[in-house]
Amino acid sequence: MANAQSLDDWAKSVTGVLRDAAIYHQAGNGFYRAQCDALGFDPAAINDINDLKDLPLLPVGMFKRPDAQVLLTCSLADVETETRSSGTRGVPSVARRNSETVTRALVGLIGTYREFFNLSGGAGLFLNPTDAEASEMGLLKDLNILNSVFDHHAYLVADQAFDAREALEHLRRWKGHMTRHIIGPPFLIYRLLRFLEQEKINIRLDPYSMIITLGGWKRHNAEAIPAEGFRERCRDLLGVRPGNVRDMYGMIESNMLAVECQLHRKHVPPWSYISIRDPGQIGTELPPGATGAIAVLDALSTSYPGFLLTDDVGEVETGTCGCGRTGQVINFRRRGPGSGLGNCPVSIERYLGSPALVQA
């Protein structure tokens, strides 16, 4: 397991890759260099994991701005993909990635899936659109990469509509031929569960079937149920044991995807670090277990600095999980109030309007 190393080795490793990433962006990105200068921060001075809390953060709200290209370390000409958030809270975020970032993210993501899910073959029922229908939606890409491990797969959302009967037909067609798995956002899987319950349909998937979810309940918060209750419904209505119902946490602006182990603890990948901040004083890092604003430090991004202050609220723990993995475990609680733009040391307006800063 990539996450099975001593805590000392993990701390040294994640500190080293994040220090190198910060040095890279400070040298090649005038806007991020202005953030470092404003705080008197030198990335080369990062010596241990406790110094990571001093890295200047970019609020994710900046990615919603029309002038967000100022965040780029690479040139616009080098941008390979643009991915967007769902925009459920208004204007969608746009995250631009160059070829190097895309390659790193793909290698990391596929390795993570292999480690945590151990999938090879079988059939994947995707309760989400194909890339062709929603090619710009970032988190869908994370889900759709899973289709490469299956012998067969089907997508059940088209023209923004989902037919539970069609999903049932696929599951019945694959029965006895291959292990069946279901992948998608929790609210769509819950609609399938409700359909089975209302129609009094008894279906049992296979001993090693998995249900993998990513994304919140979005506009369907009224339907949301606690994670434990969701897993129980999957067991009762599909015969999937709770340990094989796994959720993931991520955001389109970052290459960090935290995946649940069989104990339902979301593990932060070894190229990322989570720092929980005091919402009233973002520069203050809270102790382990305390609830606060989630900051994500991601070493994979070379297109823009991956040191982000999110709008999310949660906690983080560091140690060794019962599954044997070491490092950090994140517990996402809820979406925060958003914005946070005032927490950037140098605003985009100030940066663009100051010759002194541009030349710095």
Are the side chains of [Y] and [X] in contact, using a 4.5 Å heavy-atom criterion?
X: Ile212; Y: Phe117; result: yes
X: Phe41; Y: Pro56; result: yes
X: Val245; Y: Phe230; result: yes
X: Leu7; Y: Thr318; result: yes
X: Val79; Y: Glu82; result: yes

Aromatic ring proximity, centroids under 6.0 angstrom, [Y] and [X]:
X: Tyr208; Y: His181; result: no
X: Tyr304; Y: Tyr32; result: no
X: Phe150; Y: His152; result: no

Linked, directly or transitively: [X] and [Y] (ILVMFWY side chains, under 4.5 Å):
X: Trp10; Y: Leu52; result: yes
X: Val313; Y: Val329; result: no
X: Leu109; Y: Leu300; result: no
X: Trp271; Y: Leu257; result: no
X: Leu125; Y: Ile201; result: yes

Quick one: does [X]'s side chain have a donor or acceptor within less than 3.5 Å of a partner on [Y]'s backbone?
X: Thr101; Y: Arg97; result: no
X: Asp298; Y: Asn255; result: yes
X: Asn244; Y: Ser209; result: yes
X: Gln328; Y: Ile274; result: yes
X: Arg235; Y: Pro242; result: no
X: His153; Y: Leu146; result: no
X: Thr15; Y: Ile49; result: yes
X: Arg114; Y: Leu119; result: yes
X: Lys64; Y: Gly61; result: no
X: Arg277; Y: Ile282; result: yes

To the nearest 0.5 Å, what is the distance between [atom1] ([X]) and [atom2] ([Y])?
X: Met62; Y: Leu308; atom1: CE; atom2: CG; value: 11.0 Å
X: Asp48; Y: Arg19; atom1: CG; atom2: CZ; value: 9.5 Å
X: Lys175; Y: Asp206; atom1: NZ; atom2: CG; value: 9.0 Å
X: Asn331; Y: Ile294; atom1: CG; atom2: CD1; value: 8.0 Å
X: Met210; Y: Asn118; atom1: CE; atom2: CG; value: 9.0 Å
X: Leu127; Y: Leu192; atom1: CG; atom2: CG; value: 6.5 Å

Does a side-chain N-to-carboxylate-O contact under 4.0 Å join [X] and [Y]?
X: Arg165; Y: Asp163; answer: no
X: Asp312; Y: Arg334; answer: no
X: Glu80; Y: Arg96; answer: no

Search all heavy atoms of [X] against all heavy atoms of [Y] and return the closest pair with its distance.
X: Cys323; Y: Leu263; result: N-CD1, 3.5 Å
X: Leu237; Y: Leu193; result: CD1-O, 3.4 Å
X: Ser254; Y: Val296; result: OG-CG1, 3.5 Å

| message | I need the single residue from Ile23, Leu18, Asp20, Leu55 that forms a side-chain contact (heavy atoms from CB on, under 4.5 Å) with Ile46. Which is it? | response |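 Passing option: Leu55.
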| Pair Glu317-Arg265, salt bridge (Lys or Arg N to Asp or Glu O under 4.0 Å): steps then yes or no | CA-CA 10 Å; Glu317 300 174 27; Arg265 289 162 59 83; 3.7 Å; yes
| query | Side chains of Tyr24 and Asn29: donor-acceptor distance under 3.5 Å anywhere? | reply | no
| task | Dump the intermediate steps for side chain to side chain contact (heavy atoms under 4.5 Å, CB included) on Leu309 and Leu58, then the final yes or no. | result | CA-CA 6 Å; Leu309 175 63; Leu58 303 180; over 6 Å; no
| Do the ring planes of Trp174 and His170 sit parallel (below 30°), tilted (30 to 60°) or perpendicular (above 60°)? | tilted
| task | Just say parallel, tilted or perpendicular for the rings of His267 and Phe116, cut-offs at 30° and 60°. | result |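 Correct class here is tilted.
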| Which is it for Leu188 and Leu156 under the side chain to side chain contact (heavy atoms under 4.5 Å, CB included) test, yes or no, and what are the steps along the way? | CA-CA 10 Å; Leu188 282 179; Leu156 268 294; over 6 Å; no
| task | Let me see the working for Thr213 and Ile182 under side chain to side chain contact (heavy atoms under 4.5 Å, CB included), right down to the final yes or no. | result | CA-CA 9 Å; Thr213 61; Ile182 302 177; over 6 Å; no
| request: Verify the neighbour count for atom CD of Glu228: are there more than 12 heavy atoms of other residues, nucleotides or ligands below 6.0 Å? | output: no
| task | Go through Met256 and Tyr249 one step at a time and tell me if the side chain to side chain contact (heavy atoms under 4.5 Å, CB included) criterion holds. | result | CA-CA 8 Å; Met256 191 284 302; Tyr249 168 75; 3.9 Å; yes
